[in-house]
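The model shown is predicted, which means the values in this text are computed figures rather than measured ones. Whatever order the structure lists ligands and atoms in, that order sets their numbers, starting from 1.
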Amino acid sequence: MIAPSILSADFARLGAEADAVDNADWLHVDVMDAHFVPNLTLGLPVVASLRKATALPLDCHLMIDDPDRWAPGYAEIGAANVTFHVEAADDAVQTARAIRAAGALAGLSVKPGTPLEPYLDILREFDTLLVMTVEPGFGGQSFMPEVLPKVRLARKQVASGHLRLFVEVDGGITLDTIEAAAEAGADVFVAGSAVYGAEDPARAVDALRASARAAMDW
Ligand code: DX5
Ligand code: ZN
């Protein structure tokens, strides 16, 4: 699945920017609070409006402190997937259960420096694992191939039947890097600048999907 990130879109025209990628699978929405990450973007009211403006499933990526308090609200307003950071959560399992109870998929995200092994057990409570392939906070950064062992480990757990998860990568995904991520085992690909920086965002989505598919030989 390809999930264009509206972080690289025109925030004054979010409905039209969603329409521009109506061939995408999910629309990725980066929520930043200027505490967990230095940047500030948007929150619940904007996501609630966007929900009504597009038929695309919303993939909310919460880069915020205290996700235990805020994450279920995104599920309640109709997000398809709500991902929060393990580094910020006090009770990740309880929060995942609250997200699922409100009708969304629950996602857990790890920053590049956060190992995956300590969280393999709690991943049973989740539908999505988001492996950050840049430091969270800003679009347009360079892909970090050194985090791909985490993608491989997650794919192995899924292939062996230990977990059932989407394995999502986020940050620096372009036509030059998507194959490495797909080969390692990712099946959901977030792309901000590679989609909205392209002359034709919808064509960029198709090109990324074709590249990823060709490399998913696992
Ligand atoms: C970064 C965000 C990403 C960002 C990716 O913190 O989580 O979703 O939009 O942008 P690109 O694809 O430009 O790296
Ligand atoms: Zn993101």
Revision key, fill the gap. among protein heavy atoms, the one nearest atom 1 (C) of ligand 1 is Phe138 O, 3.5 Å

**Study point:** Charged N-O contact under 4.0 Å between Lys150 and Glu117
**Key:** no

Revision key, fill the gap. Restricting to heavy atoms, the pick from Ala3, Gly192, Ser8, Ser5 nearest atom 9 (O) of ligand 1 would be Ser5

Check your understanding: His61 heavy atoms, cut-off 4.0 Å: which ligand 1 atoms fall inside?
Key -> 7 (O)

Practice item. Enumerate the atoms of ligand 1 whose separation from the nearest heavy atom of Met63 is less than 4.0 angstrom. Key: 6 (O), 7 (O)

Practice item. Number the atoms of ligand 1 from 1 as they appear, then name those within less than 4.0 Å of a heavy atom of Pro136, with their elements. Key: 6 (O)

Review point. Out of curiosity, Asp59 CG to Leu130 CG, how far, rounded to the nearest 0.5 Å?
Key: 7.5 Å

Practice item. Inspect the contact between Asp127 and Arg164 and indicate whether a charged nitrogen and a carboxylate oxygen are less than 4.0 angstrom apart. Key: no

Check your understanding: Would you say the ring centroid of Phe36 lies under 6.0 angstrom from that of Phe84?
Key -> no

Review point. Hey, any chance Val188 and Ile6 share a hydrophobic cluster, counting ILVMFWY side chains that come within less than 4.5 Å of each other, even indirectly?
Key: no

Exercise for review: Using a strict cut-off of 4.0 Å, indicate which atoms of ligand 1 neighbour a heavy atom of Gly171.
Suggested key: 14 (O)

Exercise for review: Have a look at His61 and say which of its N, O or S atoms is nearest the Zn ion (ligand 2).
Suggested key: ND1

Check your understanding: Which of the numbered atoms in ligand 1 are below 4.0 angstrom from a heavy atom of Asp30?
Key -> 2 (C), 3 (C), 4 (C), 7 (O), 8 (O), 9 (O)

Point to revise | Minimum-distance protein heavy atom relative to atom 10 (O) of ligand 1 | key: Gly139 CA, 3.5 Å

Study note, to complete from the structure: Numbered in order shown, the ligand 1 atoms found under 4.0 Å of a heavy atom of Val190 are 8 (O)

Point to revise | Sole residue of His85, Met32, Glu87 in side-chain contact (heavy atoms from CB on, under 4.5 Å) with Pro136 | key: His85

Point to revise | OD2 (Asp170) to the Zn ion (ligand 2) to OD1 (Asp30) angle, given to the nearest 10 degrees | key: 170°

Point to revise | Asp206 side chain to Asn23 side chain, donor-acceptor N/O pair below 3.5 angstrom | key: yes

Check your understanding: Any idea which protein heavy atom is nearest atom 14 (O) of ligand 1, and the distance to it?
Key -> Gly172 N, 2.8 Å

Check your understanding: Which atoms of ligand 1 sit under 4.0 Å from any heavy atom of His28?
Key -> 8 (O)

Exercise for review: Say whether His28 and Asp30, considering side chains only, have a donor N or O and an acceptor N or O under 3.5 Å apart.
Suggested key: yes

**Study point:** Ala194 to ligand 1, any heavy atom closer than 4.0 Å
**Key:** no

Exercise for review: Select one of side chain, backbone, both or neither to describe which atoms of Ser193 lie under 4.0 Å from any atom of ligand 1, heavy atoms only.
Suggested key: both

Review point. Which atom, counting only N, O or S, brings His28 closest to the Zn ion (ligand 2)?
Key: NE2

Exercise for review: Answer yes or no: does atom CZ of Arg155 have more than 12 heavy-atom neighbours from other residues, nucleotides or ligands under 6.0 Å?
Suggested key: yes

Exercise for review: Mind checking the CG-CH2 spacing from Leu62 to Trp70? Nearest 0.5 Å is all I need.
Suggested key: 11.5 Å

**Study point:** atom 6 (O) of ligand 1 [closest protein heavy-atom partner, distance rounded to 0.1 Å]
**Key:** Gly137 N, 2.7 Å

Check your understanding: Measuring from Ile2:CD1 to Phe189:CZ, what's the distance to the nearest 0.5 Å?
Key -> 6.0 Å

Check your understanding: Any luck finding a side-chain donor-acceptor pair between Asn81 and Thr83 under 3.5 Å?
Key -> yes

**Study point:** Protein contact of atom 7 (O) of ligand 1 - nearest heavy atom, named by residue and atom, plus distance
**Key:** Asp170 OD2, 2.8 Å

Point to revise | Where ligand 1 meets Ala191 - atom numbers and elements under 4.0 angstrom, heavy-atom basis | key: 12 (O)

